[in-house]
Amino acid sequence: MRELSEEARKYLTWAVFFGETFKITEVALMMDWEDSSDDETDDIWNLHKAKNLLNTSNSRASMRGLQLALQEGWLVQRAREMCTWTHDRYRQAAQAEADALPQMTISKMSLRIIRMMLLEKPIDVYRVAEHAKRCLPLLQDNPKREELLNILMEAGESAWERGAHELAIRSFLNARSLLRNDHWAYDSARTFALLSRLAELSLGDYTTSNSILDECKVHAQSPEDVANTIRLRSRNCLFCNNFAEALSQILLALKHLGVDLKPAPSEEEADAMFDLVKNEILAVGFDEIMKMPRATDKRTELAITLLNDAGLFRLDLKL
């Protein structure tokens with residue numbers, strides 16, 4: 001790579017930040033923006049100027065760098081606007097060149113990419129999250145800090161729903177690093193949502209998870225929030241095979257929701273509760289029950305989840 005011209009090396013260095021396949025215009029935009037300004041904190045950069053830079057001519061350094069990289073066989077063009085590396089060895093060489101840059105330079109380059117991505121509609125939260133992890137210190141005092149925090153949380157939630165838990169926990173941890181010092185006072189609902197997700201993803205790591213849950217419980221503002229933190233604590237007990245304590249925590253959570261259950265009802269009491277539920281079901285009818293819409297009340301849904309957990313934990317105790 002050292003044998004290439006400076007323009008080609010610079011283009012390839014920027015390109016490696018975008019992965020194996022990338023848009024020609026995105027790399028060109030980053031390279032030309034770097035050449036035109038040294039100010040990372042100005043707010044002059046906007047969509048209009050971005051479009052102007054995208055409409056560059058072939059005489060610009062970025063276009064010359066691209067043409068040289070294509071001629072030397074490092075890149076191959078795919079369709080009209082895409083490029084890819086011709087071989088993993090070339091991409092790895094460019095990656096090594098990028099990794100050798102000072103950490104602050106890497107952070108500033110990643111921040112520039114993020115600022116460009118924030119102009120896109122809709123915003124690709126995964127791409128933003130991927131670049132945000134490289135420039136977290138620069139985001140602390142950035143005007144877009146709150147927006148980026150929300151984007152990282154959105155990326156974490158989306159990864160959680162897809163079952164990509166490692167990606168989710170990384171996004172949530174990065175989001176946590178962007179919280180203000182007074183995060184509970186500033187936005188308690190968002191902070192609770194973020195930390196409770198982290199606690200749930202950390203289940204099994206008893207110390208870390210319970211430490212987060214302790215903080216959440218102190219700042220919980222509703223019975224549902226309190227009950228949810230207790231439910232997560234019960235899961236930690238389950239991971240430790242402490243089924244008795246897990247059941248005790250579930251019953252405590254239910255109590256916060258206004259549902260009182262005995263931990264060990266007598267056979268007569270259990271039969272009476274069974275008959276009560278059975279008679280209510282028969283009175284409504286199975287067909288009518290099937291027509292009922294799904295419960296959307298947060299308290300009801302949580303209570304059902306807790307009752308299901310209580311039944312499972314009780315079964316584990318008997319086994």
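Atom set for the values below is all heavy atoms of this structure, side chains included, hydrogens, waters and symmetry mates excluded. What you see is a predicted model; the values in this text were computed from it and never measured.
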Residues at least two apart in sequence or cross-chain that pass side chain to side chain donor-acceptor pair (under 3.5 Å) with Glu166, listed by chain then number, are none
Do Arg233 and Asn236 pair up side chain to side chain, a donor and an acceptor below 3.5 Å, judged on atom types alone?
no
State yes or no: do Phe172 and Leu213 share one hydrophobic cluster built from I, L, V, M, F, W and Y residues joined by side-chain heavy-atom distances below 4.5 Å, directly or via other members?
no
Hydrophobic clusters join Ile, Leu, Val, Met, Phe, Trp and Tyr when side-chain heavy atoms are under 4.5 Å apart, directly or via other members; which others share one with Phe286?
Val277, Ile281, Leu282, Val284, Ile289, Met292
Above 12 or not: heavy atoms from other molecules or residues under 6.0 Å from CD of Glu245?
yes
Counting N and O atoms only, with roles assigned by atom type, does the side chain of Ser202 sit under 3.5 Å from a partner on the main chain of Asp205, one being a donor and the other an acceptor?
no
Mind checking what makes salt bridge (Lys or Arg N to Asp or Glu O under 4.0 Å) contact with Glu81, not counting sequence neighbours?
none
Would you say Thr229's side chain and Val226's backbone share a donor-acceptor pair under 3.5 angstrom?
yes
Full working for salt bridge (charged side-chain N to carboxylate O under 4.0 Å, His left out) between Arg91 and Asp88
CA-CA 5 Å; Arg91 182 173 59 83; Asp88 282 343; 3.8 Å; yes
Stepwise, does the side-chain contact (heavy atoms from CB on, under 4.5 Å) test hold for Leu118 with Leu148?
CA-CA 9 Å; Leu118 292 180; Leu148 289 167; 4.2 Å; yes
Is it the case that the side chain of Ser110 and the backbone of Ile106 share a donor-acceptor pair, with hydrogens and angles ignored and the cut-off at 3.5 Å?
yes
Distance-only side-chain donor-acceptor flag, Gln71 / Gln67, under 3.5 Å
no
Tyr90/Trp85 aromatic ring centres below 6.0 Å:
no
Side chain to side chain donor-acceptor pair (under 3.5 Å) involving Ser211 - partner list, sequence neighbours excluded
none
Would you list the pairs meeting side chain to side chain donor-acceptor pair (under 3.5 Å) in which at least one residue belongs to residues 280-299, sequence neighbours left out?
Glu224-Arg299, Asp225-Lys298, Asp297-Thr300
Side chain to side chain donor-acceptor pair (under 3.5 Å) pairs, two or more places apart, involving residues 144-153
Glu146-Arg190, Asn150-Arg190
Check ion pair Glu200-Arg235 (N to O, under 4.0 angstrom)
no
